[in-house]
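Here is the structure we will look at, set down as structure tokens.
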Amino acid sequence: MTSSLLLAFGLVLVIEGVLPLVAPQAWRQTFQRMVEMKDGQLRFVGLASMLAGLLIVLFVH
């Protein structure tokens, strides 16, 4: 179980690093827009991301 969680965490870090590596300007602009969002909007984005990730895990597993 621990190795699976570490593997998943490692994959998240790899995926998170792709956009800043490939398109740093686009990543910076996106990050700037997120900083300007209200708390409720950020919570919605976080919830949507979590639900999308959960659906992917359920379909793949």
Side-chain angles (χ1 to χ4, degrees):
M1 178 80 171
T2 302
S3 63
S4 295
L5 288 174
L6 288 174
L7 178 62
F9 184 65
L11 287 172
V12 166
L13 291 176
V14 169
I15 292 168
E16 287 284 330
V18 169
L19 190 57
L21 176 67
V22 175
Q25 187 62 32
W27 180 83
R28 188 176 290 113
Q29 289 171 351
T30 301
F31 192 76
Q32 183 62 37
R33 278 185 251 138
M34 289 191 74
V35 168
E36 295 170 355
M37 286 182 175
K38 296 179 182 174
D39 287 350
Q41 292 171 313
L42 283 174
R43 286 187 178 107
F44 180 77
V45 169
L47 178 62
S49 296
M50 289 172 54
L51 290 175
L54 182 60
L55 286 173
I56 290 170
V57 168
L58 289 174
F59 283 123
V60 170
H61 192 269

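Quick note: residue numbers are just sequence positions, from 1.
- Under the ring-ring contact (aromatic ring centres under 6.0 Å, His included) criterion, no residue pair touches residues 37-61, with sequence neighbours excluded.
- Leu5 has its side chain out of reach of Phe9: every pair of non-hydrogen atoms, C-beta onward, lies at least 4.5 Å apart.
- Applying the 4.5 Å side-chain rule to ILVMFWY residues, one finds Leu11 in the same cluster as Leu7.
- Evaluation of the ring-ring contact (aromatic ring centres under 6.0 Å, His included) rule for Phe31 yields Trp27 as partners, not counting sequence neighbours.
- Applying the side chain to side chain donor-acceptor pair (under 3.5 Å) rule to pairs touching residues 9-25 yields Gln25-Arg28, sequence neighbours excluded.
- A side chain to side chain donor-acceptor pair (under 3.5 Å) check over residues 35-54, counting only residues at least two apart or in different chains, returns the pairs Gln32-Glu36.
- Connection of Ile56 to Leu19 is not established within any shared hydrophobic cluster, with ILVMFWY side chains joined at heavy-atom distances below 4.5 Å, either directly or through further cluster members.
- A pairwise comparison of heavy atoms in Val45 and Met34 identifies CG1-CE, 4.1 Å as the closest pair.
- Under the side-chain contact (heavy atoms from CB on, under 4.5 Å) criterion, Ala8 pairs with no residue, sequence neighbours left out.
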